[in-house]
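All remarks here apply to the structure that follows.
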2 protein chains.
Amino acid sequence: MANIQKVAKKAGVSVATVSRVLNNPDVVTLKTRTKVEQAIHELNYEPSALGRNLRTSRSRLLLVLLPSISNPFYTEIINGIEDTAIEEGYNILLCETDSNPERENIYFNMVKNRLAEGIISMDPTVNKKTLTDLAKDYPIVQCSEYDEDGTICYVSIDNELAAYHAVRHLIKLGHEKIALINSDEKFLYARERYRGFQKAMEEFELPIRPEWILNMENVKFEDGQQAMKGLLKQEVRPTAVFAVSDVLAIGALKELNINQIRVPEDIALVGFDKIVFSNMTHPTLTTISQPMYKMGSISANMLINKIKGKAVESVILEHELVIREST
Amino acid sequence: MANIQKVAKKAGVSVATVSRVLNNPDVVTLKTRTKVEQAIHELNYEPSALGRNLRTSRSRLLLVLLPSISNPFYTEIINGIEDTAIEEGYNILLCETDSNPERENIYFNMVKNRLAEGIISMDPTVNKKTLTDLAKDYPIVQCSEYDEDGTICYVSIDNELAAYHAVRHLIKLGHEKIALINSDEKFLYARERYRGFQKAMEEFELPIRPEWILNMENVKFEDGQQAMKGLLKQEVRPTAVFAVSDVLAIGALKELNINQIRVPEDIALVGFDKIVFSNMTHPTLTTISQPMYKMGSISANMLINKIKGKAVESVILEHELVIREST
DNA sequence: TAAACAAATGTAATCGATTTCAATATTAAT
DNA sequence: ATTAATATTGAAATCGATTACATTTGTTTA
């Protein structure tokens, strides 16, 4: 493989000149520049990013931590991150952590040992302590997730308000018996969305029945289905269900379909996230839309600014209630 | 940031010894080793991967090229790749190309300039010429896709046979009027699956109606929905539809649901890929299952062997017809 | 034409590790 | 106790680029 020495020799110049042709072409005369370019071309030379990065200590690589790429919620965010990153001359590395601390560590080490310049974390299960410690020395931002202590910058929505809007929508449609399919309360967003639910119910003086509050360990389709199974078994059934993610809602909808329960006539359903699938179900799903692309692009910008040493501030973005057939 | 020199100085040894403690601890005495480990710990030292890789010219990074992470088809494959890669001491970088040659080039350059050691390509739209050229100098394998000229190693299934099985299944159920929702014939798999369709139809002496062969430009939900719209408009409607991907099938199913056409009573439907969502539709989707995890893990193994300089051979894996409610 | 200055190029240090080879310390054998 | 053999350690070269500084070349100006 050709290196800069060979190019220099072939072109009859010094390595410094070759480097200049690569990085600062204006300062070298047209004549030598063409000579060098010729040599580069003939040797099929590609500068080694390793050598370059070692010297400049910049890899132009950003890590994006997410628990699982199979969760469609992340795809739009990633598009936003990627477009912005590329625009700024960075590439991104998608890191699936599977919520596994060992795997997280691999990626944390990549930034520690300079293979990457910063991290955008979207993993709600990531070890907060490790992340906070790391954030002291390295550029890190959080996207859609955040810590309550707030030492790490983030971009997110107002989960409580969004959940409040979803539930208020159901109440305004006349529902009084409303169930909540939530994820595990160890997640901040789960606690926040519960508070939104609670707020709406209290505001309209509706009772919250503990047996209608379901906290699922995971947020896969099956969990939503399982949750709905649990609800349907009860003597008194709710007339409306708010699921804190579309994936859960779609699982729940599946169970409703199986039991030939009409949606929204018998039971209305609201999801959260507005993933692509949510428009492919029958009926289509009413849901809360997060500005995912924007969240991604803002978080990428935040991180790049942090890398550049600029001061950055956390951002809360607007959400939107998307009313479709399921309510 | 601490480097190996500082550690050496602090421990009162040479940098060579520090390096040995890191990479070959057995050759250094317990006494000096503990001294060095102490220093490493105190300085919070992390060896720079850049320096190390430059010297060893190994980055232990693999690129995985895919058109779009939002396509659920890839998620299981990626899990297979990732598990195998990590087991072998490699990390993977997911590269979304958006079928954009410019973006492809960014990633090709990463292996050219040694940031990554090899590529697993799952992108059917990738520039074959570029990829073939690159494969001459760098380790590259294809997964689920392949070239007919066969210069690049691949792991895939027998698309023609799989499609044949799907269509034969419909025929055995008594269907004679069968439509095909295909993707663009520029893709090899599209041509192969068409041949399987053709073979089954000819074997059972059923006519192939050109107006029932739909080639969609993309393979998103909307394309499937659009295709079904086109089929329903025709004077004579098919009684069964084979879609070459679950995503297309789910879009088609959506349109059937909208028009209150019963599945499978009025129209039966078969998909392809067995994505997770195919079991969440109503009715659940009959589909062809590919051994996705295995495909991923085999392709990762192939690539790593190639990197190690071993000879590798292409592999064709078994598929399976999964009969569910839609037929 | 020579001096003064600017532009172009080259030399060599540098980034942070690994690794060969030489030097030294330790152990074993006589 | 001396030598031979072996185990540890260190000095310095190396990977492939960038870049400060030195040197050469070219251009202006008096």
Side-chain angles (χ1 to χ4, degrees), chain A residues 1-40 43-61 89 109-117, chain B residues 1-40 43-61 89 109-117 137-138:
Chain A
M1 188 51 37
N3 58 16
I4 200 171
Q5 326 281 345
K6 294 204 187 125
V7 174
K9 181 178 272 182
K10 174 141 211 154
V13 299
S14 73
V15 293
T17 302
V18 177
S19 176
R20 284 185 196 106
V21 171
L22 257 27
N23 302 293
N24 212 3
D26 305 335
V27 307
V28 13
T29 53
L30 186 62
K31 211 175 89 190
T32 54
R33 187 172 25 172
T34 46
K35 258 195 315 187
V36 172
E37 278 162 353
Q38 180 71 238
I40 287 176
L43 292 174
N44 209 351
Y45 164 73
E46 288 288 338
S48 152
L50 290 173
R52 171 177 295 170
N53 293 347
L54 174 59
R55 184 62 222 252
T56 58
S57 63
R58 322 198 44 197
S59 61
R60 305 233 127 220
L61 223 50
N109 277 332
M110 288 187 74
V111 34
K112 279 192 195 161
N113 57 37
R114 307 282 157 193
L115 270 185
E117 294 187 41
Chain B
M1 188 52 38
N3 58 15
I4 200 172
Q5 327 281 346
K6 294 205 189 124
V7 175
K9 180 178 273 182
K10 175 141 210 156
V13 298
S14 72
V15 292
T17 302
V18 177
S19 176
R20 284 188 196 103
V21 170
L22 257 27
N23 301 292
N24 211 1
D26 305 336
V27 307
V28 13
T29 52
L30 185 63
K31 210 175 93 191
T32 53
R33 187 171 25 171
T34 44
K35 256 195 317 188
V36 172
E37 277 163 354
Q38 180 72 237
I40 287 176
L43 292 173
N44 210 348
Y45 164 72
E46 288 287 339
S48 153
L50 289 173
R52 169 177 296 170
N53 294 346
L54 174 59
R55 184 59 223 250
T56 59
S57 62
R58 321 197 44 195
S59 61
R60 305 235 125 218
L61 223 51
N109 278 332
M110 288 185 74
V111 34
K112 280 193 196 162
N113 58 37
R114 307 283 156 188
L115 269 185
E117 294 185 41
D137 295 321
Y138 305 93

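We use all heavy atoms of the structure for the numbers below, so side chains are in, but hydrogens, waters and symmetry mates are not. Just so it is clear: chains get the letters A, B, ... in the order the sequence lines come, proteins before strands, and each one is counted from 1.
- At distances below 3.5 Å, not a single donor-acceptor pair connects side-chain atoms of B:E46 with backbone N or O atoms of A:N113.
- For the pair A:D26 CG and C:dA6 P, the interatomic distance rounds to 19 Å; values are reported in whole Å.
- For the pair A:K9 NZ and D:dG16 C1', the interatomic distance rounds to 15 Å; values are reported in whole Å.
- The phosphate of D:dG10 has OP1 or OP2 within less than 4.0 Å of a side-chain N or O from B:S14.
- Each of A:V15 and A:V27 was matched to the nucleotide of DNA chain C holding its nearest heavy atom; the match closer to the 5' end belongs to A:V27.
- Distances shown here put a side-chain N or O of A:S19 below 4.0 Å from the OP1 or OP2 atom of D:dT18.
- Nucleic acid contact class of A:L50 (heavy atoms, under 4.0 Å, all strands): none.
- Regarding contacts with the backbone of D:dT14, every side-chain N or O of B:R55 stays at 4.0 angstrom or more from both OP1 and OP2.
- Between the side chain of B:R60 and the backbone N or O of B:G89, at least one donor-acceptor pair lies under 3.5 Å.
- Between the CZ atom of B:R114 and the P atom of D:dA17 there is a distance of 10 Å, rounded to whole Å.
- Distances were taken from every side-chain heavy atom of B:T17 (C-beta onward) to each of C:dT18, D:dT9, C:dT9; the shortest belongs to D:dT9.
- Counting only distance, with no hydrogens or angles, the side chain of B:T34 and the backbone of B:K31 share a donor-acceptor pair below 3.5 Å.
- Between A:N24 atom CG and D:dA17 atom P the separation is 17 Å, expressed in whole Å.
- Taking atom CG on B:N113 and atom P on D:dA17, their separation rounds to 9 Å, with Å as the unit.
- Taking atom CD of B:Q5 as the reference point, atom C1' of C:dG16 lies 7 Å away to the nearest angstrom.
- Under 4.0 angstrom from either OP1 or OP2 of D:dT9 there lies at least one side-chain N or O belonging to B:T29.
- Between A:I4 atom CD1 and D:dC15 atom C1' there is a gap of 13 Å when expressed in whole angstrom units.
- With B:V13 as the partner, the side-chain contact (heavy atoms from CB on, under 4.5 Å) test is satisfied by one option alone out of B:V21, B:V36, B:V28: B:V36.
- Side-chain atoms of A:V13 lie closest to C:dG10 of the nucleotides C:dT19, D:dT19, C:dG10.
- Comparing B:R20 and A:R52, the nucleotide of DNA chain D nearest to each residue sits closer to the 5' end for B:R20.
- With contacts defined as side-chain heavy-atom distances shorter than 4.5 Å, the pair A:I4/A:S19 qualifies.
- The interatomic distance linking A:L54 (CG) with C:dA13 (P) rounds to 17 Å, in whole Å.
- In terms of phosphate contacts, B:T32 brings a side-chain nitrogen or oxygen within less than 4.0 Å of OP1 or OP2 of D:dT9.
- Put simply, A:N23 has a side-chain N or O that comes within less than 4.0 Å of OP1 or OP2 on D:dT18.
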